[in-house]
Protein chains: 2
Amino acid sequence: MSPSSPSVTACAASPSRGRPREFDPDEALARALRVFWQRGYEGASMAELTEAMGIAKPSLYACFGNKEALFRKALDLYEREKLCYVKTALDAPTARGVAEKLLTGALATHCGETDPQGCLGVISAVTCGAEAETIRAEVIARRASSERAIVARFERARDEGDLSEHVDPEALASYLTTVMQGLSVKAGSGAGREALERIVATTLACWPSA
Amino acid sequence: MSPSSPSVTACAASPSRGRPREFDPDEALARALRVFWQRGYEGASMAELTEAMGIAKPSLYACFGNKEALFRKALDLYEREKLCYVKTALDAPTARGVAEKLLTGALATHCGETDPQGCLGVISAVTCGAEAETIRAEVIARRASSERAIVARFERARDEGDLSEHVDPEALASYLTTVMQGLSVKAGSGAGREALERIVATTLACWPSA
DNA sequence: CCTTTTATGTACTGATCGGTATATATTTCA
DNA sequence: TGAAATATATACCGATCAGTACATAAAAGG
């Protein structure tokens, strides 16, 4: 997102001395993201990661640091490319429109045909083998920040009058993200697209109309 | 709970030959459940399990089989003692009452003060390190069976007239379990009890009234 | 050509994983 | 007083974990 660091390649600051790298760090990171997305942080082994990325372990460590740093970079990529629907959803004209875009965006992202099922954030926040505690905390913090943005948007909606005065923006945002996280769990559990679409429709049917 | 198989001790069929066991299998299993509940199936190591159970590895393997069998027995215990609120909730007189009891039951179970936070089922269904694929399938299957029971209850409610004809029982049940699973994710992510109570209240406020 | 610099491939490290062999301790049955 | 049966404790198994040492390969600067 920030123009100063557009890609991961920036981790190699020097212009072009020494033997050139034989792989594209951005594509390698994209492949690593898929592995983390399927297996979670701890479930993804370095062997599986290196194989998917098409590189050997020393190359991985030289370019990305270690497993945790690699995961954080993958998480950045995930938020940048897969969670962008959240930002655009907040631009919808009404609170209900925001909810609709968030739900359909979550559905498209977590139940697509090319990407793994479920939400990397949910997978990483729930999984928890002691070692991954810092990762867990990081994911939870990022999620909280995005929920705050939804709260702010709903507060604006209330001020603008398209959300009833009787509805607490914070409670509504919390409820909405709960449904979204539940959707991710169901998607990761093999629920079909039609089933998830019905859930989205039901949620919107229940939505507190202005 | 059931009189035919009241405890895990039944796995030792013989009456009392040889050296007597020095630990209580039921309590050991309860302690193992807590570890699985915190760490997930793969995140729980045999070392952590044996330490929590207060026994050595050979005793564990002799009594419970292996890690996967131990997990299944722990899952049985979990459903029997922690998910019993689902069965009782289905006895509520109205569909809305069922939803209310399910939501408050989920809240009490996954956000208690003595037990680990979150839902063992959600944790196990989401976590996924290749090896645990059969465990994952088992957990998902059990969850599906309990969702079918809710669908049946809502169909009854529609037949009895306390649920609008315009509401699809299957969609409503699917929506409700989505919220419950989302609640588990939030509970496992450290959400406070008050926050979860607000979510439950919001869900019930949105509930399609008869 | 040679040095410097960076990347790669192979082979390795110690730690931990789930699971077990073996020897010993404690009980019941004969 | 054995002999059979069951449980325990210690120490180990091969496999895998994340991470690295080291030698070699390929580029740029001198």
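Atom set for the values below is all heavy atoms of this structure, side chains included, hydrogens, waters and symmetry mates excluded. Below, read A as the first sequence line, B as the second, and so on, with proteins coming before strands; counting in each chain starts at 1.
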Using whole Å, report how far CD1 of A:Ile55 lies from P of C:dT10. 14 Å

Are B:Asp26 and B:Lys73 within salt-bridge range, i.e. N to O under 4.0 Å? no

Checking the side chain of A:Ser145 only, and the main-chain atoms of A:Ala141 only, is there a donor and an acceptor separated by less than 3.5 Å? no

State plainly whether the residues A:Arg39 and A:Glu42 are in salt-bridge range, i.e. N to O under 4.0 Å. no

A:Leu70 CG to D:dG19 P, in whole Å, measures 10 Å

When you compare the protein's N or O atoms with those of nucleotides 25-30 of chain D, which come within less than 3.5 Å of each other, and at what distance?
| residue | atom | partner | partner atom | Å |
| --- | --- | --- | --- | --- |
| D:dA25 | N3 | A:Arg19 | NH1 | 3.3 |

Basic-acidic side-chain contact under 4.0 Å: B:Glu194, B:Arg198: no

Does some side-chain heavy atom of A:Met180 sit less than 4.5 Å from a side-chain heavy atom of A:Thr203? no

State, without any angle test, whether B:Thr177 and A:Lys186 hold a side-chain donor-acceptor pair at a distance under 3.5 Å. yes

Short side-chain N/O contact from B:Ser59 to OP1 or OP2 of D:dA7, under 4.0 Å: no

To the nearest angstrom, the CZ-P distance between B:Phe23 and C:dA25 comes to 20 Å

With a 4.0 Å cut-off, would you call A:Asp24 and A:Arg31 a salt bridge? no

Between the protein and nucleotides 17-19 of chain C, which nitrogen or oxygen pairs come in under 3.5 angstrom?
| residue | atom | partner | partner atom | Å |
| --- | --- | --- | --- | --- |
| C:dC17 | OP1 | B:Ser45 | OG | 3.4 |
| C:dG18 | OP1 | B:Ala44 | O | 3.3 |
| C:dG18 | OP1 | B:Lys67 | NZ | 2.7 |
| C:dG18 | OP2 | B:Met46 | N | 2.7 |
| C:dG19 | OP2 | B:Tyr61 | OH | 2.9 |
| C:dG19 | OP2 | B:Lys67 | N | 3.1 |
| C:dG19 | O5' | B:Tyr61 | OH | 3.3 |
| C:dG19 | N7 | B:Lys57 | NZ | 2.9 |
| C:dG19 | O6 | B:Lys57 | NZ | 2.3 |

Within this structure, what is the CG-to-P distance between A:Leu60 and D:dG19, rounded to whole angstrom? 10 Å

Would you please name every residue forming a side-chain contact (heavy atoms from CB on, under 4.5 Å) with A:Ile140, sequence neighbours left out? A:Ala125, A:Arg136, B:Ser189

